[in-house]
Each structure stands twice: as C-alpha cells, then as structure tokens.
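Data block below; observations after.
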Amino acid sequence: MIKKVRKETIPLSLYLSDVKNGDISKDQDVQRGFCSDNSFVNEIAVTILTEDYLPPVILGEIRYDENLVQKYVVDGNQRTVALSKIRYGKYRISQSIENSVIEYQEKKRDENGVVLKNENDDIEWESKTFDIKGKRFEDFPEPLQKKFDTYQLETVIHQECTKEDLSFLVRRYNNHRSMNASQRLLTYMDVHARKIKSIAENRFFKDSIHYSERQSVNGIYQRAIGEAVMCCFHEDSWVSASKKNGIFLNENATSEEFDAIDNYTKRMEVVCKDDFCDVFIPKNIPMWIATFKEFTTFGLPDKKFVDFLNAFVNGLKNYEIDGKSWEYWNSQTGTKGSKIIHGKIDHLKKLIRMYFNIDGSLIKRSEVHVNKSENVKTNTNNMAESNHKNNVVNVTENNNSIEPLDYNGILRFLKSSVSEDITVEDLKIYRDDLEMLTLEVDNKSNLLETANYKSLFGIMAYAYKNDIELDKWFVEYFKKENTYETDQTRNYLKMRNSLITFTKNVNVA
C-alpha cells in the first residue's frame, strides 16, 4: 500500500529548478496568483540567508500514467514565487528591510587572491558582513549565494491525488485569514507580548466593555493595552503610525508600566462592573485608563470614579472646555492622530480635575447640559443580542464619519460584491483597519466622503479575502486619485483592478 504522504528535504536550488522547468507546477487550477508585497519577499530572503526556519512547502502529485507524475504546489505558492523572484527574477531587496546585514564566513585570501592556510595546512576563515539592501542575488558574495542555493527546504508530498483532491487540499491549507493591523502590531512589541496577552484576559475586558470574541481574537484589546501604556506614560511620544508606537514601546516601555495598566483595569472593573460599557468602547479605552491614572493621584476611594462616570454620562460629556466638549473630540476623524489623542486625554483629565475641584475650578451644575434620556443604562452596542434579533447592523462605536454610515447597506454591498460569507463582526475589523490606513493619507480627500465608504469597505474585504496588505497601495491610490464614481459597484471594481495591477507590479523595483 502506498503511503499517503511522504516528506522530503531537498536543496532550495533543486526545488526552484524543478519549478522553473515545470517539474513542479505553481499553477494548480484553484491556486491563487502571487499577491504578496516587497516586505514579504524581503523577509523570505533574510530567512534563507540567516538559515532560519521556513515552513514546509506542501505539494500534491497527480499520476497521469505509469511513467508520468506531475507535482503541484498546494500550499507555499507565495513563498515559492518570492524565492524564484530572488533567485531568477533579478529582484532587488528593498531599502526599507529590517535586519539587512547578514553575517557569513569566507576563506581568507592574500592580496593576490590566494587562499591562506595555517601551519596545519587548514584553510583560514574570517567572519564578514554584507548589507543586502538594494542588492540582487547576483550582487551577493559567493558564500551567501551558496548558502541560498544549499538551504535545506522541507517538502510534504500528497501522493496519488486527483484534480479534485488537489482543489480540496488548496482549500484546506489556505483556510485562514492574514494578520490584521492590530495583530501585526503585537509582533512589534515582542518584549512585552506575553504580558499584554495576560492583561487582555482580565475581567475588565470581559465585563466592563461590550466584549466581542471576534475583537479579542483579532487583537483589538491587546492593541488598546499598548496604546494605554503610551497614553499613560509616553503621551508626548505618540505618533499616528501604530507600528512606530509598537516599536517605541518595545524599546522604551517597562514591565512596571504594563503592571500599572493591569492594576488600573482591574480596579476599574471592580467599581464599574458592566455599568459603563457604552463609555468604554475600544477606541477610547486607552484614554479612559489614562483618566483613571490621573484620578488615582487625588487620594480618593475608587468608588468615587463611578460618581464621575455617572455625571459624565448624564451630561458632563457635553460640558465645553476651551470651546470643545467630549462629544466634539469623540466625533473627529483620524482617531489615532496625535492631535485627537492629546485632545481627548487633555479634555478628560481637565474634566475630572474640575469635577473633583482639584484645582479650585469646580464645575457648576447650571453649566452642564443634562440629557435626561441618557440617565438610563443602555446596551445599544450589544450586537450579539439586540441587533441580530432585529436584523440591524450596529458598529457605530468607532464610527468617525461626520455623517453616519449605513452599515446595513455596506454589509449588503459587501455580500453582493465580495463574498456572501462576510459578517457584521467582519465589518468591525474592516473599519478598525481602515481607520489605521487613513492615518497615512490626506484626510481631506474626497475619497473619504461617506458616499464612498462602500468602495472603501469593499477593498478592505477583498484584501482580507485574498491575504493582501493594503498599506502601500492605499497611500499610492490616494496620491493619484481624489474623486470617485457615484456608482459604488463601478468604483469598487476600479479600486480592485488598481490593487490587482499594483500587486502584480509591486516587486518591480
């Protein structure tokens, strides 16, 4: 009986040669085309040249007759194409690559190029480094070229397959999502990642907010913890780009600072319970933790913080400081921008200090506009219960558009234009990533008008479905375009085609 699966470890040069010659095909019928960007190819190069771990490539064999067996790439097509580009495609390593200096050993030679030997007639070696930025494979020193070619690649081969078997295997091995922005952010905070994950499991993130399993899985709460450390201890170093904040925390934050965030959130959960879930929405959690930190300096019992929150809900949020209320700050676009972050923190800190008369500037009750209809505990964001029962989509807790977005309409659009499988929870993820992408473009662009959001969500959904990182294309598209078609289906297809073209050409540098 033929064993169903066999494993082989072969030199990378042999594998790539078989791909180049067609002995291994990367064009299985249902296999997607290459859609990774330069950063992916760069990291593949570093992985090979540093002899780091590369997951096995999964192959499938179809036997056409007794003497003819064709191999197809089932999983690992992106890696295969990236490796081929480096080896044969004259791919130039990007200038933006991290860890670009590669160490290697080379034989010592004299001024005439003759290899030196010691008194025991052994070859003498020396350690060298080579920066691969801006270099092609042919520019690599010979030892690095050899290291690349001789890298031992693991392969797993499914034998005696049919075409139907291969299609099933492609679906099985590719049934996953790429990392979203929040999940990627954690990878830049590896020094503190374990502690961040631990904090995200405390009761505050289960009971004191409108907990969402999907948001938890997608790293939304972990991101909030990192941002809380920035807001509490490094506010002046905040930048709009979350990746830079993550790198900053990795290099500058202390374990004690994360312990403090753990302590603050646990204390908040004890006194707040689940009474202020509509206040502690994900985008504002870091600012509220910073406000609680400020409160702890007043020498008051924690239960007094609840008094402030009740006053806040019942009208204090409308109180203006320097002509702006919390509602003003909370309605602004670009919520990760430093101006908005500083504005929110400054407003809440001043508000709580005034409420408790810390600086001798007590807020007069007559100055606060009380909305009596808000003097009720509400659960308007509890989508898992009320909204699904009534077939209403509610993802407004992070909605920063000046005009409310029609999320029901957006969801219908995505189901008809991208995939029937898209859910309300997916919309939340698209919205959060879209918010981060818009930090890098002109926020006055017409493309960010409410009428164009179906297309914007559409391109987010398409990117998730096809594991494409949008960052670079998004910036380039906004540089070239400032208008959109009112027919959102036509406009979405225009954007999608632009992304497809960009993805095909992204490695030409």
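Residue numbers run from 1 in the order of the sequence given.
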For S100, check side chain to side chain donor-acceptor pair (under 3.5 Å) against everything at least two apart and list the hits. D131
The criterion is ring pair (Phe, Tyr, Trp, His ring centres under 6.0 Å); which residues satisfy it with [X], sequence neighbours excluded?
| X | value |
| --- | --- |
| F130 | none |
| F258 | H192 |
| H342 | none |
| F478 | F474 |

Who are the salt bridge (Lys or Arg N to Asp or Glu O under 4.0 Å) partners of R87, not counting sequence neighbours?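 R87 satisfies salt bridge (Lys or Arg N to Asp or Glu O under 4.0 Å) with D149 once adjacent residues are dropped.
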Is the centre of the F457 ring less than 6.0 Å from the centre of the F413 ring?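 No.
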Audit row: W288, F312, ring pair (Phe, Tyr, Trp, His ring centres under 6.0 Å) steps and yes/no: CA-CA 12 Å; W288 278 111; F312 179 85; 5.0 Å; yes
Using a 3.5 Å distance criterion without hydrogens, assess whether the side chain of S498 forms a donor-acceptor pair with backbone atoms of K494.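 No; zero donor-acceptor contacts below 3.5 Å.
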Please check: side-chain N/O of N330 versus main-chain N/O of W326, any donor-acceptor pairing under 3.5 Å?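 No.
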Does a side-chain N-to-carboxylate-O contact under 4.0 Å join E227 and R223? yes
Does NZ belonging to K244 count more than 12 external heavy atoms closer than 6.0 Å?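 No, not enclosed.
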Quick one: which of V81, L83, I24 gives a side-chain contact (heavy atoms from CB on, under 4.5 Å) with V19?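 Testing V19 for a side-chain contact (heavy atoms from CB on, under 4.5 Å) against V81, L83, I24 leaves exactly one candidate, I24.
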Polar contact flag, side-chain donor to acceptor under 3.5 angstrom, T423-D426: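 There is such a pair (donor and acceptor under 3.5 Å, judged by atom type) between the side chains of T423 and D426.
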